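The chains referred to below are lettered A, B, ... by the order of the sequence lines, with proteins before strands, and numbering in each begins at 1. Keep in mind that this is a model prediction, so the values were computed, not measured.
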Number of protein chains: 2
Amino acid sequence: MERTQFVAAANVSERLAQPPALAISTVIFALRPSAESGRPTLWLPLVRRIREPFKDLWALPGGPLTQADSLQDAAARNLQDTTGLAPNYLEQLYAFGGLHRSPSQRVVSIVYWALVQSTQAELAQESENVKWFRADRLGELAFDHNEIVDYALWRLRNKMEYGTIAYHLLGEKFTLAQVREVYEAVLDRTVDPANFRRQLKQTAYIEPTDQFLQGGKHRPPRLYRYTGIDSVTSGTGPAQHPPSRL
Amino acid sequence: MERTQFVAAANVSERLAQPPALAISTVIFALRPSAESGRPTLWLPLVRRIREPFKDLWALPGGPLTQADSLQDAAARNLQDTTGLAPNYLEQLYAFGGLHRSPSQRVVSIVYWALVQSTQAELAQESENVKWFRADRLGELAFDHNEIVDYALWRLRNKMEYGTIAYHLLGEKFTLAQVREVYEAVLDRTVDPANFRRQLKQTAYIEPTDQFLQGGKHRPPRLYRYTGIDSVTSGTGPAQHPPSRL
DNA sequence: TCAGTTGTAGTCAAAATGACTCTAACTGAG
DNA sequence: CTCAGTTAGAGTCATTTTGACTACAACTGA
């Protein structure tokens with residue numbers, strides 16, 4: 001950058017010369033069975049930073065905003081590139097723009113959050129530089145990514161109570177017990193099976209199929225199907241979630 | 001929306017040459033008595049565009065992101081500069097980044113929404129280029145600002161049901177009837193006074209003062225005070241609102 | 001055939017909600 | 001001074017929703 005002779009104007013022209021960089025990142029959640037209990041818990045994939053700043057620390061997948069994509073498309077594309085994942089649900093989380101998020105240059109990050117099905121999560125290849133972590137056992141992450149994940153978790157728990165979100169962590173067909181497990185994993189508390197079933201059948205957007213899940217050592221549970229909208233609408237606007245209380 | 005869609009004027013290579021511009025805009029809500037009914041209704045200030053594109057159309061107050069400010073500070077500062085308003089509540093709404101929001105250059109707008117007290121709104125000087133409009137009677141706005149206002153309204157109505165937001169549209173002391181009027185104005189339906197009172201006293205963050213509002217031709221109502229947090233925390237992170245149902 | 005396990009329906013008391021009534025406390029008209 | 005008119009604010013009651021629990025159904029594996 002070349003300096004002007006005028007000191008007073010120097011700051012201004014420097015600022016104008018170097019606008020804040022725009023980045024897109026995504027917090028991706030998936031449900032995987034925990035090693036210990038076997039019950040499903042929340043996991044998320046992180047990528048290792050291969051350069052400064054924060055070299056060798058883990059960070060959210062992301063990158064600069066590609067010019068040809070809308071914000072949401074850029075998030076989806078970047079997800080595909082870095083982790084190979086195609087999310088089932090993708091929504092904007094927040095724009096983080098604090099002054100000192102990155103030591104060198106000012107970076108404004110528009111962060112998305114996504115849900116992928118467990119089956120997808122299985123497929124996602126781990127590598128030297130991409131690894132899955134339990135959402136409640138992250139170490140220190142690069143930048144302000146710990147805060148970002150915390151906020152994404154808060155948002156996920158909040159949306160969960162609106163009832164239309166849990167299905168995006170499951171496959172096409174699922175039992176009510178599986179939905180309940182999602183709730184228990186995300187909200188981190190037990191839910192009464194009978195009462196949960198009652199509420200789901202009232203409000204939520206599911207319909208019974210005529211299939212049953214065989215193989216357990218018990219009465220085979222009925223499989224259900226999600227009938228709501230699949231929220232990876234690649235539209236430019238925000239996703240308005242109805243306050244259909246669960 | 002019936003907005004006219006823009007044909008991209010610039011070609012792709014021109015776009016790639018320059019990074020997307022970052023802008024900050026704000027949707028500001030205030031309560032003002034409507035001309036006809038006298039009951040309070042939602043109003044918001046708009047500024048007239050004095051240059052192309054969309055010259056002479058009304059638009060949300062906003063401007064480029066100043067380098068020295070966090071996103072929230074930039075929003076507050078810009079509000080002060082363009083309308084003279086200091087909001088009582090300020091929260092990030094959404095980052096809009098569609099490809100063709102602005103005909104010439106690609107612009108990513110980080111939009112905030114704000115609530116100001118009615119008294120503040122009175123002070124805000126109208127001028128040739130700043131004017132207040134009823135939120136339900138906006139004409140065609142510049143850019144995609146109609147969509148943005150719609151989304152802000154949706155968010156306001158949603159947050160209203162969490163119970164901690166209505167007070168930011170009122171003064172320091174208020175009667176329960178005034179709070180009820182806010183609800184009725186924002187949610188656009190009547191609310192039973194007795195039941196509303198009962199709910200407020202259970203959950204919401206208010207305490208009675210020992211003062212009463214004199215002057216009406218009826219029993220003087222008690223004045224109350226908001227005891228929650230004033231949410232113009234100039235922090236960098238998102239405002240997490242507890243789901244304390246109202 | 002039986003014990004073990006989980007799905008699914010149903011019961012019941014407690015809590016929350018919505019519609020409503022009743023009284024208190026002020027103002028202004030006569 | 002008295003009374004009609006108005007809104008504040010407490011209370012009542014039937015209905016709905018919620019949470020805890022019970023009972024039965026339907027499968028597997030021994």
Angle class for the F96(A)/Y151(A) ring planes (parallel below 30°, perpendicular above 60°, tilted otherwise)? perpendicular
Got a minute to check which stems DNA chain C is part of, using Watson-Crick or G-U wobble pairs under 3.5 Å, three or more consecutive? C:1-30 with D:1-30
Would you compute the distance between atom NE2 of H168(A) and atom CG of L90(A) and round it to the nearest 0.5 angstrom? 11.0 Å
Listing time: all N or O pairs from protein to nucleotides 21-23 of chain C that are below 3.5 Å?
none

By salt bridge (Lys or Arg N to Asp or Glu O under 4.0 Å), which residues pair with R198(B), not counting sequence neighbours? none
Please name all residues satisfying salt bridge (Lys or Arg N to Asp or Glu O under 4.0 Å) with D136(B), sequence neighbours left out, ordered by chain then number. R134(B)
Can you check nucleotides 14-16 of chain C for protein contacts, nitrogen or oxygen pairs under 3.5 Å, and list what you find?
none

Between C1' of dT8(C) and CZ of R222(A), the distance in whole Å: 10 Å
For R189(B), the salt bridge (Lys or Arg N to Asp or Glu O under 4.0 Å) test, sequence neighbours excluded, returns none
Run the side chain to side chain donor-acceptor pair (under 3.5 Å) test against E181(B) and tell me which residues pass, sequence neighbours left out. none
Side chains of F174(A) and I206(A): does their closest heavy-atom pair fall under 4.5 Å? yes
Between dA25(C), dG7(C), dC13(D), spot the one nearest the side chain of R198(B), thanks. dC13(D)
So which heavy atom on T83(A) is nearest to which on L79(A), and how close? OG1-O, 2.8 Å
Sequence neighbours excluded - salt bridge (Lys or Arg N to Asp or Glu O under 4.0 Å) pairs with any residue from residues 201-227 of chain A: E172(A)-R225(A), E207(A)-R225(A)
Using modelled atom types only, decide if a donor and an acceptor are shared between the side chain of S25(B) and the backbone of V111(B) within a distance under 3.5 Å. no
Please state how far atom CG in L223(B) lies from atom P in dC26(C), giving the value in whole angstrom units. 14 Å
Using whole Å, what does the distance between atom P of nucleotide dA26(D) and atom CZ of F212(A) come to? 10 Å
In this structure, how many angstroms lie between the P atom of dA13(C) and the CG atom of N195(A), rounded? 16 Å
R197(B) or D192(A), whichever maps to the more 5' nucleotide of DNA chain D: R197(B)
Send over the distance from E161(A) CD to dT18(D) P, rounded to a whole Å. 12 Å
Listed pairs, N/O of protein and of nucleotides 28-30 of chain D, under 3.5 Å:
none

Any idea which of dG19(D), dC27(D), dA9(C) is nearest the K201(A) side chain? dA9(C)
For Y224(B), which residues count as a ring-ring contact (aromatic ring centres under 6.0 Å, His included) partner, sequence neighbours excluded? none
Specify the separation, in whole Å, of atom CG of L213(B) and atom P of dA8(D). 10 Å
I'd like to know whether L71(A) forms a side chain to side chain contact (heavy atoms under 4.5 Å, CB included) with Y112(A), so could you lay out the CA-CA distance, the side-chain angles of the two residues, the decisive distance to 0.1 Å, and finally the verdict. CA-CA 9 Å; L71(A) 299 181; Y112(A) 277 75; 3.2 Å; yes
Rounded to whole angstroms, how far apart are CZ on R180(A) and C1' on dT8(C)? 12 Å
Contacts of type side chain to side chain contact (heavy atoms under 4.5 Å, CB included), residue A152(A), not counting sequence neighbours: V27(A), F29(A), L93(A)
Using the test side chain to side chain donor-acceptor pair (under 3.5 Å), find all partners of R77(B) that sit at least two apart in sequence or belong to another chain. D69(B)
For L200(A) and dT8(C), give me the distance from atom CG to atom C1', rounded to whole Å. 13 Å
